[in-house]
Amino acid sequence: MKKILKNVRGTKDILPDESYKWQHIEQRVRKIFEVYNYKEMRTPIFEETELFARGIGELTDIVSKEMYTFFDKGGTSLTLKPEMTASVMRAYLQHEVNKQIPLFKVYYISPMFRQERPQAGRLRQFHQIGAEAIGSPNSEVDAEIIALALHIIENFDIKNYTLKLNSVGCQNCRPAYKEVLREYLRKFYDLLSEDSKNRVERNPLRVLDSKDEKDKAVVENAPLIYEYLCGNCAEHFEELKGILDAIGIKYELDPFLVRGLDYYTKTAFEIISPDLGSQDAIAGGGRYDLLSKELGGPEVPGVGFALGIERMMLILEKNAYNFGEVSKPFVYVAYLGSNLRNFALNIVFSLRKKMIPCEMELLNRSLKSQMREADRQGVRFVVIIGEDELRNNKCTIRDMKSGEQFGVELSQILEFITSRYAQEASTN
RNA sequence: GUGAGUAUAGCUCAACCGGUCAGAGCGCCAGGUUGUGGCCCUGGAGGUUGCGGGUUCGAGUCCCGCUACUCACCCCA
């Protein structure tokens with residue numbers, strides 16, 4: 001006996017009883033992006049490892065321990081994309097989009113890969129919906145990205161969430177703040193957790209969002225970045241808050257919100273939900289004005305966000321959200337006796353050419369089984385073809401909703417069904 | 001990478017102190033209707049109780065190891 005293989009840890013199969021939910025989400029989301037004038041963009045599932053190492057930052061957790069990296073047969077180090085922004089920027093620079101389009105607005109729906117220990121809301125292959133606006137340093141674009149992320153969430157009737165907002169400064173002001181913070185943390189070094197002790201010199205900002213109680217106590221009185229933002233960053237942050245206020249978006253300032261990717265500048269935000277487990281961020285994003293140069297390109301500002309589809313799905317399931325229905329055939333053609341098989345096939349293919357969803361018996365079962373199958377599939381009409389009917393040049397058509405049955409001339413079958421189908425379509 | 005919990009039919013779960021305890025519901029199949037679904041009734045298929053050891057007269061039940069899953073830490077979407 002051969003061993004039955006199973007899916008890889010941290011991955012999930014999406015069977016038909018789930019896939020219609022994904023389609024529902026994707027459809028609605030695409031519509032929203034259209035409304036905001038974002039066009040879809042697709043990039044390869046893998047990239048040269050160097051792209052992520054340079055873009056995201058060697059020292060980040062993502063790059064240092066979570067990437068699926070392998071060598072292809074030519075000896076090139078490749079990596080399954082752990083996030084999308086670096087890929088989008090790479091493509092933007094490669095195709096010199098900056099010379100063609102002043103503001104490049106794109107969205108994506110794509111799988112991402114990170115080798116972490118799986119848990120609620122954390123998969124090794126997970127899916128993100130996201131958008132990037134590349135080319136404008138203006139705060140109204142930050143606001144648009146935030147509004148867009150919230151629009152998507154609210155479109156699915158998610159109300160229980162918090163938008164957390166922060167500014168992490170830029171290359172001009174962040175180093176100075178880092179130094180101030182480092183000095184402060186050194187004073188309380190002995191009180192910090194082991195993890196945080198290691199971060200003090202390497203990346204003191206990360207101590208700020210530690211969940212460790214000891215760290216929290218120290219961080220409580222730490223100097224805030226707001227007092228150290230340069231003029232440009234402070235102005236940008238004030239403008240953004242002003243716009244959010246003006247368009248009625250509520251946010252919570254969180255000076256301890258730090259993003260795990262090095263490329264973020266100025267705006268950083270996260271949308272969290274108490275309906276998720278300990279992985280409570282449904283979406284996150286921010287501004288990345290340094291990324292382009294990091295990748296060897298010109299200075300090009302950008303903002304973006306990403307939303308975890310599986311995490312949103314967890315919330316929707318919890319809310320008993322209505323995903324609509326699985327698509328079902330309109331007609332089931334049942335037949336009795338193998339000599340009528342071709343006749344049944346003929347009807348089915350004719351209906352299909354008219355784009356009417358239909359199914360027929362493919363397992364040669366009893367009429368009772370065929371009727372049960374038709375019911376299970378939720379069809380509206382069953383066309384029954386048997387010797388009795390054929391003798392009179394007719395077939396029986398049963399309305400599964402009302403239970404009515406009609407004797408229909410063979411030549412009239414297509415007409416009967418198409419007119420009913422049109423009726424059905426017009427009432428919906 | 002660290003810690004804790006769980007592992008019984010396709011699915012959700014039951015089986016008191018180890019002793020007819022291998023079961024139920026759902027689903028699937030068939031019959032009740034010699035050619036008609038849903039409801040109802042009856043019956044059937046389907047399990048080497050995750051894998052490997054051990055203790056015992058006897059293990060789904062206790063012990064050890066392995067694996068997987070789940071949750072949490074960590075990190076993030």
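All figures in this text were calculated on a predicted structure; none of them were measured in a lab. Convention: sequence-line order gives letters A, B, ...; per-chain numbering from 1.
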Side-chain donor-acceptor distances from residues 326-334 of chain A under 3.5 Å, at least two apart:
residue  : atom : partner  : partner atom : Å
A:Tyr332 : OH   : A:Glu361 : OE1          : 2.8

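Counting non-hydrogen atoms under 4.0 angstrom, A:Leu276 reaches nothing in the nucleic acid. Among the protein residues, A:Ala374 comes within range of no part of the nucleic acid, since none of its heavy atoms lies under 4.0 Å from any strand. Using a 4.0 Å heavy-atom criterion, one finds that A:Arg9 contacts the sugar-phosphate atoms exclusively.
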Polar-atom pairs under 3.5 Å, protein N or O versus N or O of nucleotides 2-5 of chain B: list them with distances, or write none.
residue : atom : partner  : partner atom : Å
B:U2    : O4   : A:Arg117 : NH1          : 2.4

Structure string for RNA chain B in dot-bracket form, Watson-Crick and G-U at under 3.5 Å, | interchain: (((((((..((((.....[...)))).(((((.......))))).....(((((..]....))))))))))))....
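Applying the salt bridge (charged side-chain N to carboxylate O under 4.0 Å, His left out) test to every pair with at least one member in residues 140-158 of chain A, sequence neighbours left out, gives these pairs: A:Lys105-A:Glu144, A:Asp142-A:Arg287. Counting only residues at least two apart or on different chains, no side-chain hydrogen bond (donor to acceptor under 3.5 Å, both in side chains) pair has a member in residues 57-66 of chain A. Residue pairs that meet the salt bridge (charged side-chain N to carboxylate O under 4.0 Å, His left out) test with at least one member in residues 305-318 of chain A, sequence neighbours left out, are A:Lys21-A:Glu317, A:Asp275-A:Lys318. Residues in residues 386-403 of chain A take part in these salt bridge (charged side-chain N to carboxylate O under 4.0 Å, His left out) pairs, two or more places apart or across chains: A:Arg380-A:Asp399, A:Asp388-A:Arg391.
Annotation: B:G46 and B:U6 have their C1' atoms spaced 24 Å apart (nearest Å).
Between A:Ile62 and A:Pro82, the shortest heavy-atom distance links the atoms CG2-CB, 3.7 Å. Of all the heavy atoms in A:Pro223 and A:Val180, the pair that sits closest is CG-CG1, 3.7 Å.
The base of B:C76 lies close enough to the side chain of A:Arg311 for a donor and an acceptor atom to sit less than 3.5 Å apart.
By the side-chain hydrogen bond (donor to acceptor under 3.5 Å, both in side chains) test, A:Ser19 is found to be paired with no residue, residues two or more places apart in sequence or in another chain being considered. With sequence neighbours left out, A:Tyr263 forms a ring pair (Phe, Tyr, Trp, His ring centres under 6.0 Å) with A:Tyr288.
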Base-contact (B) and sugar-phosphate-only (S) positions in nucleotides 34-46 of chain B, heavy-atom cut-off under 4.0 Å, - elsewhere: -BBBB--------
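The stretch residues 11-36 of chain A has no heavy atom under 4.0 Å from RNA chain B, so no residue of it qualifies as close. Only at 4.0 angstrom or more do the heavy atoms of residues 150-158 of chain A sit from any atom of RNA chain B, so none qualifies.
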